[in-house]
Amino acid sequence: MRTLIRGGTVVTATEQMRADVLIEDEKVVAIYGSSDAAWEKTLADAVVGVLADKVIDATGKLVLPGGIDPHTHMELPFGGTYAADTFETGTRAAAWGGTTTIIDFAVQTKGQSLVEGFEAWMAKAEGVCAIDYGFHQIMGDVNDQALKEMDILVGEGVTSFKLFMAYPGVFYSDDGEILLAMQRALENGATIMMHAENGIAIDVLVQQALERGETDPIYHGLTRPSALEGEATHRAIVLADVAGGTPLYIVHLSALEALEEVAIARDEGKNVFAETCPQYLFCDLDDLGNGFEGAKYVCSPPMRDRAAGHQEALWQGLATNDLQVVSTDHCPFCMGDHPRFGTQKQLGRDDFSKIPNGMPGVEYRMELIYHGGVNAGRISLNRFVEITSTIPAKMFGLYPKKGTIAVGSDADIVIFDPDRTHTISAETHHMWVDYSPYEGMEVTGKVETVLSRGKTIIENGEYLGSPGDGRYLKRDLNQYLV
Ligand code: URP
Ligand code: ZN
Ligand code: ZN
């Protein structure tokens with residue numbers, strides 16, 4: 001099967017060119033480009049009917065590498081329930097939003113082996129995903145066996161491990177455990193991903209707030225000060241140094257103080273990287289403050305005070321490469337009951353600390369970042385592709401199979417209308433969650449057609465794929481090291 005995408009502007013991290021893209025089965029096999037429009041047309045006309053079975057007209061549209069969201073949590077068990085999207089519903093919603101690869105987090109719980117955790121998540125995803133997927137491994141119990149098993153998982157293509165300085169009693173690791181995991185990662189080549197918030201201090205503040213009768217969602221934000229994200233980020237960087245220079249990737253960075261720590265480390269030439277997420281770029285502390293409605297915005301780290309400058313600093317960090325990636329940390333929980341998992345955000349109606357932490361986003365990322373980034377003049381079109389696709393691919397060992405449009409790459413391609421305006425709403429999104437944090441927001445730029453390994457899965461407002469189209473991706477080591 002050969003498909004030709006004609007007449008669009010192909011955008012990669014480094015190029016923008018009027019070009020036609022020829023796909024054979026799962027791969028890009030030719031890119032016909034010319035600065036001479038007449039020659040381009042002649043060439044393309046010669047190709048149509050001779051080489052292509054299907055032609056997609058992309059005139060006036062952007063032809064982008066499929067988005068790579070390296071931070072999702074489908075079906076994550078959290079706070080007595082599960083993240084609302086299954087691998088089936090969540091990956092389908094991702095496709096609607098122009099994301100053609102996710103990297104989710106397999107979970108090792110206390111007392112469980114790392115490999116058991118990985119196998120359990122492989123089983124959840126097997127045969128149901130709409131798009132390609134890989135896994136990071138959450139280390140919830142750092143012990144001798146788990147440290148050895150890190151090497152086995154690297155061999156299985158799980159080349160990044162997430163540790164938590166937050167959530168004592170659940171996922172939390174102490175500094176000694178973190179150091180041990182970092183030392184092992186230095187040997188086996190893995191990247192350590194860090195949830196950098198000082199969870200021990202936060203738990204004291206949470207307890208004190210509850211004792212004062214402060215139970216509303218706003219206190220979730222007020223008990224997790226940005227200074228404690230900065231402190232934990234600093235500590236994680238020092239520990240990675242002491243381990244010998246283990247590659248360190250700070251997840252869901254939200255705070256100015258944390259960004260400053262990452263920027264200092266990067267200026268010193270360290271292998272320290274960070275991502276932020278749309279919720280930190282568009283939402284703020286006030287969103288947590290509207291009575292229990294604020295539960296929609298409960299995630300960790302929390303929404304930050306806009307007036308303190310966090311949000312603009314994050315946008316600037318994306319432009320200057322102090323931040324390298326926008327992921328979503330997609331981890332939705334319903335405000336009402338979930339059809340499969342039951343009560344979710346309501347678990348914390350009388351106690352903010354019991355609200356399951358997480359927000360939806362996998363479907364919105366590309367359009368939100370295009371709108372708030374490119375349209376608003378904060379980042380270039382090439383940088384948009386870089387932070388949503390190319391760097392995630394390099395950071396997590398998928399490049400150039402994923403993350404670009406080039407001969408030999410997987411034909412994961414998004415045809416994007418830069419001029420189409422639409423309104424975000426839970427009524428029209430495809431994520432399996434009953435609210436949108438961005439309800440009513442008008443954005444310009446819309447995903448129109450999505451190809452995953454050459455198969456058209458979104459076209460003319462219809463989903464054309466099937467569960468199981470997506471394949472597991474065995475990832476290489478970090479390709480973005482200094
Ligand atoms: O609140 C969040 N971020 N929920 C998902 C789990 C995590 O820490 O990434
Ligand atoms: Zn986290
Ligand atoms: Zn997360």
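Counting starts at 1 for both ligands and their atoms, following the listed order.
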task: Kindly say whether the aromatic ring centers of Tyr297 and His220 come within a distance under 6.0 Å.
output: no

- line: Logged contact type for Met359 with ligand 1, heavy-atom cut-off 4.0 Å, is neither

message: Students often mix this up, so state it plainly: with edges at 30° and 60°, are the rings of Phe396 and His136 parallel, tilted or perpendicular?
response: perpendicular

field: Per atom 1 (O) of ligand 1, closest listed option by heavy atom (Ser254, Ala83, Ser300)
entry: Ser300

field: Short N/O/S contact of Val251 with the Zn ion (ligand 2) (below 2.8 Å)
entry: no

- request: Output, in order, the C-alpha distance, side-chain angles, deciding distance and verdict of salt bridge (charged side-chain N to carboxylate O under 4.0 Å, His left out) for Asp286 and Arg306.
  value: CA-CA 9 Å; Asp286 289 347; Arg306 193 182 294 249; over 6 Å; no

- prompt: Does the gap between the ring centers of Phe282 and Trp315 come in under 6.0 Å?
  reply: yes

Location of contacts on Asn357 toward ligand 1, heavy atoms closer than 4.0 Å: both

- prompt: In terms of residue, atom name and distance, what is the protein heavy atom nearest to atom 8 (O) of ligand 1?
  reply: His195 ND1, 3.0 Å

message: Counting non-hydrogen protein atoms only, what is the nearest one to atom 7 (C) of ligand 1? Give residue, atom name and distance.
response: Lys162 NZ, 3.4 Å

- line: Per residue His195, nearest N, O or S atom to the Zn ion (ligand 2) is named ND1

message: Looking at every heavy atom in both Glu149 and Leu114, which two are closest together, and how far apart are they?
response: OE1-N, 2.7 Å

- request: Identify, by name, the N, O or S atom of Asp329 lying closest to the Zn ion (ligand 3).
  value: OD1

Contact partition for Phe105 relative to ligand 1, non-hydrogen atoms under 4.0 Å: neither

The Zn ion (ligand 2) - name of the N/O/S atom of His252 that sits closest to it: NE2

